[in-house]
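Structure record follows, encoded as structure tokens.
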Amino acid sequence: MKLKYIYTLLTLILALYFVPAQAQTKKPAKKGTTKTAAKKTPAKPATKKPAAKTTAPKKASTSSKNLGDAAARAAADTTKKGGNGNNADSGGGLSEEIVVTTAYKPVLADAVKIRRNPDLEDKVPFKAPLVYTPLDKRQEQNSEIRQLEAMKRPPEQDSILLNNYVKVGAGNLKSLFGEAYFSNGRDQALQFGGYLKHFSQSGSLEKQSQSKDDVGVFGKSILGDNNISGRITYNRMGTNFYGFDQTAPPPSTFIPGKQHFNTIGAEAELAKNYKDVQNDFTYALKIKGYAFSNAYQARENNVVISGFINQTVKQFYAGLSGSVDLNSQKDSLYKLSNNILRLNPYIKFQGTNYKIDAGVNIEKEFGDFGKFYIFPAAKLEVQVIPKYVRLFVEAKGDINRTSLHDLAYINPFIGQNIDIKNSVDQLDLSAGLKGTLAPGLSFKASVFRNSVKNMPLLVSNFDAEVNKFKVIYDDGKARVNGFNGELDFKASDDFNIFGRVEIKDYQLASEVQAWNLPKFLLTAGTSININNQVSITGSLLFRGSTNDRTFTTTGGTSTMVQKPIASFADLSGGVQYKATRQITVFVQANNILSTSYQNWLYYPNYGFNIFGGVGYSF
């Protein structure tokens with residue numbers, strides 16, 4: 001029974017392998033098949049040959065390539081069987097053979113199954129434990145293209161700061177010049193340093209000399225939300241009373257007296273650091289003072305305590321500023337206490353196109369003077385051309401304390417026992433335009449009208465003190481009308497030119513002239529860097545004519561005589577050459593036009609002065 005089943009299985013396998021191949025060559029032609037007919041040729045006696053044996057197709061290979069090759073060979077063999085009329089089997093008659101060609105279509109029996117045994121090994125893959133680390137960073141939206149951050153340029157060798165600098169020079173007119181600066185360098189939390197300055201020169205007249213010395217130390221530190229800064233200074237200026245009327249030389253017994261001024265000053269400030277936050281509360285407190293003395297008996301001590309508090313609410317500012325000015329003045333004939341208390345409550349509104357400051361100045365004199373004042377303190381700014389031109393209007397008032405220190409540095413030839421009286425700016429009105437005309441070109445122009453009570457004037461006092469000056473006051477209300485203009489053109493970091501002009505008209509209450517006050521004043525300057533080694537600076541001062549007064553006595557009658565002082569121009573300039581990173585060479589020239597002018601009556605200024613030297617950084 002088993003043999004019967006085996007025989008049947010073998011028969012089925014042979015049928016599956018050989019039947020498809022036989023079917024492709026022995027099936028009758030269907031519609032669409034190609035028929036090939038042999039040509040008709042004359043009959044020839046033919047010799048009988050045994051018929052060609054038809055070989056059965058070989059067993060199909062187990063690969064698809066062998067199956068295709070077998071089919072191709074079968075088709076080729078079938079084609080070769082076609083006769084051409086000379087076949088021995090034709091018997092001299094016509095013969096026709098039909099070749100059936102069809103597209104080969106493999107059947108399932110031609111496929112070869114790929115046998116794979118299952119992997120019975122029990123393997124468990126290793127999975128590392130997951131660790132989650134949240135980022136301490138705000139999630140950003142990536143829907144927009146992020147702006148590329150600029151790459152920081154590496155510091156250049158020349159940009160590394162040198163903390164200390166010394167500069168010395170000498171020139172004609174017995175000029176000696178020296179400067180020195182010291183600091184601790186770059187430190188965001190602490191800055192401190194100091195400086196020394198000296199300059200001296202001598203003119204052609206007897207005892208015509210001048211010297212200036214400055215010494216100071218300073219520091220600044222950041223303490224949390226606040227910063228504290230301070231400085232201590234010492235200033236000394238020395239000169240002589242060398243002036244006299246050149247048309248009437250003094251007697252041989254004339255000996256110019258010496259004069260010097262010493263000032264020791266100090267200041268300290270505590271302020272809140274700036275923060276770009278809304279509704280910020282800011283404050284500051286400052287104390288400063290000085291002790292002044294001259295070569296005689298004049299003394300002045302001053303202490304000022306000032307500060308402010310300010311609260312910001314969106315575009316609204318409200319605050320209060322104030323100061324206590326304590327001052328004592330002493331000379332050989334008097335001793336005064338001249339103190340002023342100031343309070344300034346204010347509110348401010350600021351928008352895109354406007355800015356409004358509204359407030360009042362409440363001021364009280366106390367000590368030897370005891371008047372009380374309330375002045376306006378208001379300012380308005382409006383954009384006329386957005387981002388270019390702004391219109392401003394201002395109204396204010398203040399008390400101007402007469403100071404021995406300030407008068408001495410304005411006119412070093414002032415005499416003794418100066419009359420002390422405070423002047424009052426009762427109402428100062430101004431209006432003008434400011435802004436930018438073009439890239440690098442800024443301007444400011446304004447007209448003003450000031451009402452001043454007890455305006456101080458410096459005049460000569462030659463009849464009483466030979467060649468010294470004193471202070472008088474225009475009793476009443478004086479009017480000062482004028483125009484101020486400023487222009488600054490900075491084409492680049494290597495070229496800058498600027499200038500300021502002041503035009504004033506004085507209408508005094510009791511005095512004939514605004515003695516020694518010019519009606520026209522022009523100041524200008526420039527700074528040019530030709531290259532990294534050479535730089536040029538220049539300045540120009542042009543002052544209009546002024547008048548002073550003297551008195552002559554004839555027959556017991558004193559007569560006032562006006563003394564005009566001509567206008568003048570003073571041009572100065574300097575050149576600096578950077579030989580190396582640490583060494584520089586400089587040349588400075590003053591009064592290049594060599595004009596013989598005078599600021600004060602009978603006190604001619606120094607002539608052409610040139611000096612040069614070297615500077616060293618370390």
Side-chain angles (χ1 to χ4, degrees), residues 206-213 233-245 250-251 253-266 288-304 325-340 365-371 399-423 454-475 510-511 515-516 548-551 553 558 560 599-603:
E206 179 68 19
K207 297 293 183 178
Q208 185 184 14
S209 63
Q210 184 182 25
S211 65
K212 295 181 180 179
D213 298 282
T233 60
Y234 170 74
N235 308 105
R236 178 183 174 89
M237 183 174 67
T239 187
N240 298 292
F241 296 101
Y242 62 87
F244 61 90
D245 187 359
T253 58
F254 172 71
I255 300 176
K258 293 182 178 182
Q259 177 67 288
H260 67 258
F261 307 104
N262 295 324
T263 305
I264 300 176
K288 66 177 182 179
Y290 64 83
F292 168 81
S293 63
N294 65 6
Y296 300 94
Q297 300 182 31
R299 301 289 185 270
E300 183 176 58
N301 298 319
N302 177 256
V303 176
V304 179
D325 190 343
L326 305 176
N327 191 84
S328 64
Q329 297 162 317
K330 178 183 177 181
D331 211 329
S332 60
L333 298 180
Y334 61 80
K335 182 179 180 181
L336 298 175
S337 177
N338 187 3
N339 309 314
I340 302 174
E365 297 176 325
F366 62 97
D368 289 297
F369 306 97
K371 294 185 178 181
I399 299 175
N400 302 313
R401 180 173 50 80
T402 300
S403 168
L404 297 178
H405 171 271
D406 296 344
L407 292 175
Y409 280 88
I410 294 175
N411 184 348
F413 312 111
I414 197 167
Q416 297 302 111
N417 296 309
I418 297 300
D419 186 18
I420 301 298
K421 186 185 299 185
N422 295 332
S423 64
N454 299 330
M455 177 186 290
L457 302 170
L458 287 167
V459 296
S460 61
N461 193 28
F462 296 162
D463 54 339
E465 296 183 278
V466 183
N467 52 3
K468 298 179 182 179
F469 293 79
K470 68 177 182 179
V471 178
I472 64 173
Y473 298 89
D474 179 52
D475 295 331
S510 59
E511 292 295 325
W515 309 114
N516 289 300
D548 203 338
R549 68 176 193 178
T550 60
F551 291 88
T553 303
S558 179
M560 183 184 69
N599 287 312
W600 306 102
L601 184 64
Y602 301 151
Y603 278 90

*side chain to side chain contact (heavy atoms under 4.5 Å, CB included) between T263 and Y409, intermediate numbers included*: CA-CA 11 Å; T263 305; Y409 280 88; 3.6 Å; yes
- Residue pair D213 / Y234, side-chain heavy-atom distance below 4.5 Å: no
What one should report as the nearest heavy-atom pair of N294 and Q297 is OD1-N, 3.6 Å
dist S337:OG -> F369:CZ (nearest 0.5 Å) comes out at 9.5 Å
- prompt: Okay, side chain of Y602, backbone of Y242: is any donor-acceptor separation there less than 3.5 Å?
  reply: no
Residues passing the ring pair (Phe, Tyr, Trp, His ring centres under 6.0 Å) test with W600, sequence neighbours excluded, are F469
Exercise for the section: Answer whether the closest heavy-atom distance between the side chains of I420 and Y334 falls below 4.5 Å. Expected result: yes
Worksheet item: Mind checking whether D419 and V471 have side chains closer than 4.5 Å, heavy atoms only?
Response: no
Check: So do the side chains of T550 and L601 get within less than 4.5 Å of each other, counting heavy atoms only?
Finding: yes
Quick note, salt bridge (Lys or Arg N to Asp or Glu O under 4.0 Å) partners involving residues 400-417, not counting sequence neighbours, are E300-R401, D325-R401
Sorted by chain and residue number, the ring pair (Phe, Tyr, Trp, His ring centres under 6.0 Å) partners of Y290 (sequence neighbours excluded) come out as H405
Between N338 and the options N327, T402, N422, the side chain to side chain donor-acceptor pair (under 3.5 Å) test singles out N422
Look at the side chain of N467 and the backbone N and O of G243, then say whether any donor-acceptor pair between them is shorter than 3.5 Å. yes
In this structure, CG of L336 is separated from CD of Q329 (nearest 0.5 Å) by 6.0 Å
Nearest heavy-atom approach of T239 to S209 is OG1-O, 3.3 Å
d(N516 CG, N411 CG) to nearest 0.5 Å is 7.5 Å
For P412 and M237 the tightest heavy-atom approach is CB-CE, 3.7 Å
With the side chain counted from C-beta on, respond yes when F292 and N302 share a heavy-atom pair under 4.5 Å apart, and no when they do not. no
Notebook entry, point to check: Can you find a pair of side-chain heavy atoms, one from K468 and one from F413, that are under 4.5 Å apart?
Noted result: no
By side-chain contact (heavy atoms from CB on, under 4.5 Å), D475 pairs with (sequence neighbours left out) K421, N454, Y473, S510
Can you see whether F241 has K258 sitting over its ring - NZ or CZ less than 6.0 Å from the centre and within 45° of the normal?
no
_When you compare the side chain of F261 with that of S293, does any pair of heavy atoms fall below 4.5 Å?_
no
Residues passing the side-chain contact (heavy atoms from CB on, under 4.5 Å) test with K335, sequence neighbours excluded, are K330
Is any side-chain heavy atom of E365 less than 4.5 Å from a side-chain heavy atom of N339? no
Between I414 and I418, does a side chain to side chain contact (heavy atoms under 4.5 Å, CB included) hold up when you go through it step by step?
CA-CA 8 Å; I414 197 167; I418 297 300; 3.4 Å; yes
*asked:* Tell me if a side-chain donor or acceptor on Q416 pairs with a main-chain N or O of S332 at a distance below 3.5 Å.
replied: no
List, one per line, each side-chain donor-acceptor pair under 3.5 Å for residues 455-464, sequence neighbours excluded.
| unit_1 | atom_1 | unit_2 | atom_2 | d |
| --- | --- | --- | --- | --- |
| S460 | OG | R549 | O | 2.4 |
| N461 | ND2 | E465 | OE1 | 3.1 |

Scanning both residues in full, the closest heavy-atom pair of I340 with I399 reads CD1-CG2, 3.7 Å
